[in-house]
Amino acid sequence: MKRTNTCGELCSTDLGKDVCLQGWVRFSRDHGGILFFDLADAYGITQLVYDPEDVDEGVDKTSLASILDSFTRESVVSVTGTVRERVAGTEDARNPTGKVEVLIQDAELLSRSLSPPFEIGEQKEHLLPAEDTRLRYRYLDLRRAEMIRCLRFRHRVISLARQYMESASFLEVETPLLTRSTPEGARDFLVPSRVHPGSFYALPQSPQLFKQMLMVAGVDRYYQLARCFRDEDSRADRQPEFTQFDIEMSFVDREDIITIIEGMVSHIWRGLFDEELETPFLRLSFDEAMSLYGTDSPDLRFDMPMVDVTEIVRETPYDIFQRVLSKKGSSICGLNVKGSDGAEGLGRNEVDRLISWIKRHGMGGMTWMRVTDKGLDSNIVKYFTPEVQNGLIEAMGAEDGDLLLFLAGPRRKVLEAGGLLREKLAADLGLIKEGSHQFLWIIDCPMFEKDPVSGNLTAFHHPFVRPVGVLSDDVQGESYDLCLNGVELGSGSLRNHDVDVQRRILSMLGLSDERMEDDFGFFLEALSYGAPPHGGIALGVDRMVSIMLGKESIREVIAFPKNKRMHSPFDGSPTPVDDEKLSELQIMSLAMDDIDFDDIDIEE
RNA sequence: GCCCCGGUAGUGUAGUGGCCUAUCAUGUGAGCCUGUCGAGCUUUCGACUCGGGUUCAAAUCCCGGCCGGGGCGCCA
């Protein structure tokens, strides 16, 4: 018999129906005569009951009982029976099907399960097995309602995004996975070619050049759920393969693209949280973000900007500040920890701990003072004149009960360490409201970064960003990065449709004319046949979904993720392959320690 | 490449040099139990990541490996 219902749908309106349910035996309870089973599937749990006194006439109780005896945990079973009300007082209010139960009349074991290696029933997070055990048995882990919820949630995000793009007349186009290796960017995953021995495809780090060529083709509005590959070390929010929601548009300016993204994200939030996001999102320039928060992806769920007090304290005879300020390019920045004298605040011990913490992040130390009703207070305020003290109080908006922290050193280092300190303070003091979402655009990023050692330029984003105005080493790009809760969700820009500008940028990045032709000739040629002004953006789907669900790692929202060492616990990849396969590709591995190089004939 | 944290029954844990013949829970096997719902009760089984070292004595301290996680570098 086929199943008539899922395990999540029977309720009081189904009373008296004859049904067939199929699913997994999650729990069973034997009361010595009467048996209960929790039958689970992706939709819910329905209680089955075997009551020998209530089964229909003609049912072979002995054989039914012996079948039920084989219903071990997580075995897949099929039962037919009658929906009935539970005995008064035994309803389960936590379960949507908790008012009814199915009286078993017939049963069949479809597939017996070994004893599961860990508990699959709903449970508290801290009782979960270690992640590597969960990953090794991912098919069991995914049976858990919480994981099904994550998969379904991710599906809804994608589905809403598609729906929005459809309504905005975007065309979904697939681009190749076997592509060309290019010099810039992350390390490529390479795929050897059998037909062209010695040559390799690369898996795409993003569909960047293809989507731009689609614009040249006149596609006008493109999107794709693009799988991307980068052979770099992983992190909680980085996997070697990941998914981007990739978008490109022609004949648009920055505002058009930002509007589309804000519209799409709002559509998703409306659909999943029934919440109206405030648009337009906040914006900060790259310089503002660095100056105020010391990072290009600040978390604005809490306020606590850095204040540059360099000029206020410049003449102060406090030796530490004087020594730092005697060096060019030094700054002194302060953070105001509001209301820090209460029970929730930071005592002397906590401040000492912060000082040793900040030393591990490259600072020589940290200066601190408390704000009292009588003014500033600490062992070093004697070096600060009343005018300077008032200047600090005013600049930092200090009030009675605040704690002021100051870092001194090279400007960039101070800002970055201050940014880390700011986030640590927020985490330690619980300043971040759980479940809140704060979007932010970072605009006007530099086009280039200069390698401090070699002095060579590298692209801040990628080499295809259009400069704002005239091209130079320190020009800004027409870029816009979307941040959510301090995480970079996506990066976008207007692109170069002028092939000459594009050539000059590649040249500034150190590509010779020859290299440029070899690596990007096909693309530059495309730009030479009438490229429309265009731009786009790509959003990290895994990151967005994991933040929406409040998960610490994107692995929680990927069905089969790689582990930290880029190993796949499911299929054991990567693996060595047979020599036959390698020789067909004319490849020899140097990692095998049994190669005898004397045996190798090298052709002239 | 580097730094930090961790590794005890199937699972989650306790155990900071001798009280360890290693705790507790859950699970597993057996039994009891007619309204439970992560049922309950009785009982059984089951573990110190590996290799070296220190010590009279190591789960415990030291060194190294392996495995897992967080981070730096890297991620145009």
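A, B, ... follow the sequence lines: proteins, then strands. Residue 1 opens every chain. This structure is a prediction, so every number in the text was calculated from the model and none was measured.
Residue pairs satisfying the side-chain hydrogen bond (donor to acceptor under 3.5 Å, both in side chains) criterion with at least one member in residues 413-427 of chain A, sequence neighbours excluded, are listed as follows: A:R412-A:E416, A:K424-A:D428. Residues in residues 504-513 of chain A take part in no salt bridge (charged side-chain N to carboxylate O under 4.0 Å, His left out) pair, two or more places apart or across chains. The stretch residues 475-484 of chain A participates, sequence neighbours left out, in these side-chain hydrogen bond (donor to acceptor under 3.5 Å, both in side chains) pairs: A:H461-A:D481, A:D481-A:S491.
Remark: nothing in residues 484-500 of chain A comes within less than 4.0 Å of RNA chain B through any heavy atom.
Side chain of A:R565, nearest nucleotide from B:rG35, B:rG38, B:rG68: B:rG68. Comparing atom distances between the A:I34 side chain and each of B:rG35, B:rG70, B:rG38 picks out B:rG35 as nearest. Nearest nucleotide to the side chain of A:N563, out of B:rG35, B:rG69, B:rG12: B:rG69.
With sequence neighbours excluded, no residue satisfies side chain to side chain donor-acceptor pair (under 3.5 Å) with A:D132. A:R73 meets the side chain to side chain donor-acceptor pair (under 3.5 Å) test with A:E119; sequence neighbours excluded. When the side chain to side chain donor-acceptor pair (under 3.5 Å) test is applied to A:R26, the partners found at least two apart in sequence or on another chain are A:E74. With sequence neighbours left out, A:D519 forms a side chain to side chain contact (heavy atoms under 4.5 Å, CB included) with A:R180, A:P183, A:R515. Residues satisfying the side chain to side chain donor-acceptor pair (under 3.5 Å) criterion with A:D542, sequence neighbours excluded, are A:R154.
Annotation: B:rC2 and B:rG18 have their C1' atoms spaced 40 Å apart (nearest Å). Atom name P, nucleotides B:rC66 and B:rG27: the rounded distance is 37 Å, in whole Å.
Looking at heavy-atom distances under 4.0 Å, A:E449 makes no contact with the nucleic acid at all. No engagement by A:Q239 is indicated, since no non-hydrogen atom pair under 4.0 Å with the nucleic acid exists. Here A:R136 lies out of heavy-atom contact (under 4.0 Å) with every strand. Here A:D231 lies out of heavy-atom contact (under 4.0 Å) with every strand. Contacts of A:F36 with the nucleic acid, taken as non-hydrogen atoms under 4.0 Å apart, include base atoms.
Looking at A:D41, A:I45, A:T97 one by one, the single match for side-chain contact (heavy atoms from CB on, under 4.5 Å) with A:C7 turns out to be A:D41.
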For this session: Spell out protein contact along nucleotides 71-76 of chain B as letters: B when the base is contacted, S when just the sugar-phosphate is, - when no protein heavy atom is under 4.0 Å; keep the 5' to 3' order.
Result: BBBBBB

Seminar exercise, completed: Counting primed atoms, P, OP1 and OP2 as sugar-phosphate and everything else as base, the B/S/- map of nucleotides 27-32 of chain B against protein heavy atoms under 4.0 Å is SS----

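Here the CZ-CG distance, from A:R543 to A:D237, works out to 4.0 Å after rounding to the nearest 0.5 Å.
Taking 4.0 angstrom as the limit, A:R29 places a side-chain polar atom (N or O) nearer than this to OP1 or OP2 of B:rA39.
Taking atom CG of A:L128 as the reference point, atom C1' of B:rG38 lies 14 Å away to the nearest angstrom. Going from atom CZ of A:R555 over to atom P of B:rG68 covers 11 Å, rounded to whole Å.
For the pair A:H31 and B:rG35, the ring geometry does not qualify as stacking, because the centroid separation below 5.5 Å and plane angle under 30° are not jointly satisfied.
Donor-acceptor pairing under 3.5 Å, judged by distance alone, is absent between the side chain of A:R144 and the base of B:rG38.
Between A:F460 and A:F286, a ring centre-to-centre spacing shorter than 6.0 Å is recorded.
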Side chains of residues 30-37 of chain A: which donor-acceptor partners sit under 3.5 Å, not counting sequence neighbours?
{"residue": "A:D30", "atom": "OD1", "partner": "A:G32", "partner atom": "N", "Å": "2.6"}

